[in-house]
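First up is the structure itself, then whatever we jot down about it.
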Amino acid sequence: MEKIDNLDRKILEIVMRNARIASKDVAQECGVSRAAIHQRIQRMIDLDVITGSGYIVDPKVLGYSTCTYIGVNLERGAMYREVVPELEKIPEVVECHFTTGPYTMLVKLFARDNEHLMELLNHKLQMIPGVVGTETLISLDHSISRVLPVTYDED
């Protein structure tokens with residue numbers, strides 16, 4: 001991956017705080033032209049430094065009041081590649097990680113309530129070929145949500 005410089009890092013720091021900030025405001029804060037900001041952002045998108053954009057919507061507003069983390073154990077760890085496409089078919093699954101430790105995978109999903117969670121577990125997740133066990137952890141509160149700090153190169 002190409003190296004990003006301190007101007008790129010400054011731009012990232014600004015847009016990570018507010019992705020809807022106007023390019024002219026980023027340009028002003030960085031002391032460069034609006035065109036330079038557009039070019040830099042496009043370059044970082046092309047390099048997969050910036051990998052997405054969008055709005056963060058509170059799941060509760062959509063009727064999903066239960067946030068759950070599920071430790072999943074597979075028959076064999078190598079089955080991860082076959083299980084992930086099956087998890088992608090479950091819209092309530094929002095994250096999936098291949099992990100070390102007591103679980104093969106850690107899955108984050110949202111459910112409307114405990115009954116919906118039980119349906120997802122018993123009739124979807126645990127029915128995936130290769131899944132041999134799950135452990136469910138319900139999140140009681142979401143306390144911290146932030147982006148990583150941007151560090152600068154020593155010039």
Side-chain angles (χ1 to χ4, degrees), residues 1-5 8-23 25-26 37-153:
M1 179 161 86
E2 280 186 46
K3 187 174 178 173
I4 61 172
D5 63 18
D8 293 328
R9 292 174 190 280
K10 180 69 174 170
I11 294 166
L12 286 172
E13 185 177 58
I14 295 166
V15 299
M16 284 169 55
R17 279 193 319 261
N18 177 7
R20 295 188 290 175
I21 189 169
S23 295
D25 295 334
V26 177
I37 297 300
H38 282 288
Q39 289 170 349
R40 292 288 185 126
I41 288 175
Q42 187 56 56
R43 183 175 142 274
M44 288 189 281
I45 291 169
D46 294 342
L47 292 172
D48 288 331
V49 173
I50 298 173
T51 58
S53 64
Y55 298 102
I56 298 169
V57 178
D58 183 351
K60 290 178 184 171
V61 173
L62 301 176
Y64 292 88
S65 61
T66 304
C67 174
T68 309
Y69 295 88
I70 301 167
V72 177
N73 285 310
L74 302 180
E75 193 176 312
R76 292 181 321 281
M79 296 182 81
Y80 175 74
R81 286 179 176 76
E82 290 88 45
V83 171
V84 169
E86 296 303 312
L87 289 169
E88 287 175 334
K89 295 176 185 175
I90 304 170
E92 294 87 352
V93 172
V94 296
E95 288 184 30
C96 175
H97 302 267
F98 188 39
T99 62
T100 62
Y103 311 114
T104 312
M105 305 166 70
L106 189 63
V107 173
K108 179 180 179 181
L109 66 76
F110 286 93
R112 291 185 299 275
D113 51 33
N114 287 348
E115 186 177 329
H116 183 218
L117 174 59
M118 195 164 77
E119 169 74 21
L120 290 169
L121 285 168
N122 294 339
H123 299 289
K124 302 254 177 133
L125 224 73
Q126 293 172 349
M127 301 307 283
I128 296 172
V131 172
V132 294
T134 61
E135 184 172 351
T136 305
L137 303 128
I138 295 175
S139 172
L140 299 175
D141 190 25
H142 180 178
S143 305
I144 298 173
S145 182
R146 61 181 167 205
V147 295
L148 288 171
V150 177
T151 58
Y152 294 87
D153 290 336

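All of these numbers come straight from a predicted model, not from anything done at the bench.
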Over 60° means perpendicular and under 30° means parallel, so classify the ring planes of His116 and Tyr64, tilted if in between.
tilted
How close do Ile90 and Ile128 get, heavy atom to heavy atom, and via which atoms?
CD1-CD1, 4.4 Å
Is there a donor-acceptor pair closer than 3.5 Å between any side-chain N or O of His142 and the backbone N or O of Ile144?
yes
Look up atom SG in Cys96 and atom CD in Glu86, then write down how far apart they are to the nearest 0.5 Å.
12.0 Å
Interatomic distance, CD@Glu92 vs CG@Leu117, rounded to 0.5 Å, equals 10.0 Å
For residues Thr66 and Asp113, report the shortest heavy-atom separation together with the two atoms involved.
OG1-CA, 3.8 Å
Does this structure show an ion pair linking Lys3 with Asp8, if we count only N-O contacts that are shorter than 4.0 Å?
no
Mind checking whether Val15 and Val26 have side chains closer than 4.5 Å, heavy atoms only?
yes
Could you check whether atom CD1 of Ile56 has more than 12 heavy atoms from other residues, nucleotides or ligands sitting under 6.0 Å from it?
no
Keeping Asp58 on the side-chain end and Lys60 on the backbone end, is there a donor-acceptor pair under 3.5 Å?
yes
Measuring only between side-chain heavy atoms, which start at C-beta, is Val72 closer than 4.5 Å to Leu87?
no
CG (Leu109) and OH (Tyr69) are apart, to the nearest 0.5 Å, by 10.0 Å
Residue pair Leu12, Val49: steps toward the side chain to side chain contact (heavy atoms under 4.5 Å, CB included) verdict:
CA-CA 9 Å; Leu12 286 172; Val49 173; 3.9 Å; yes
Any donor and acceptor pair, going by atom type alone, linking the side chain of Ser65 with main-chain N or O of Arg112 inside 3.5 Å?
yes
Separation between CG of Leu121 and OG1 of Thr134, rounded to the nearest 0.5 Å
5.5 Å
Looking at side-chain heavy atoms only, is the closest gap between Val132 and Leu74 below 4.5 Å?
no
Are any of the side-chain heavy atoms of Leu125 and Val131 separated by less than 4.5 Å?
no
Would you say Glu13 and Arg17 make side-chain contact, with heavy atoms under 4.5 Å?
yes
For Met16, look at atom CE and say whether over 12 heavy atoms of other residues, nucleotides or ligands are found less than 6.0 Å away.
yes
Using a strict 4.0 Å threshold on nitrogen-to-oxygen distance, state whether Arg40 and Asp5 make a salt bridge.
yes
Hey, mind stepping through Asn114 and Ile138 against side chain to side chain contact (heavy atoms under 4.5 Å, CB included) and telling me if it holds?
CA-CA 10 Å; Asn114 287 348; Ile138 295 175; 4.1 Å; yes
Using every non-hydrogen atom in the two residues, find where Phe110 and Cys67 come nearest and quote the distance to one decimal.
CE2-CB, 3.5 Å
Working to the nearest 0.5 Å, report the span between CZ of Arg76 and CE of Met79.
5.0 Å
Would you find more than 12 non-hydrogen atoms of other residues, nucleotides or ligands less than 6.0 Å from Arg81 atom CZ?
no
Kindly indicate, with the supporting measurements, whether the criterion side chain to side chain contact (heavy atoms under 4.5 Å, CB included) is fulfilled by Asn73 and Met105.
CA-CA 7 Å; Asn73 285 310; Met105 305 166 70; over 6 Å; no
Locate the shortest heavy-atom distance separating Ile4 from Arg43; write the atom from each residue and the value.
CA-NH2, 4.4 Å
Residue pair Val93, Glu88: steps toward the side chain to side chain contact (heavy atoms under 4.5 Å, CB included) verdict
CA-CA 7 Å; Val93 172; Glu88 287 175 334; over 6 Å; no
What's the separation between atom OG1 in Thr136 and atom CD1 in Ile70, rounded to the nearest 0.5 Å?
5.0 Å
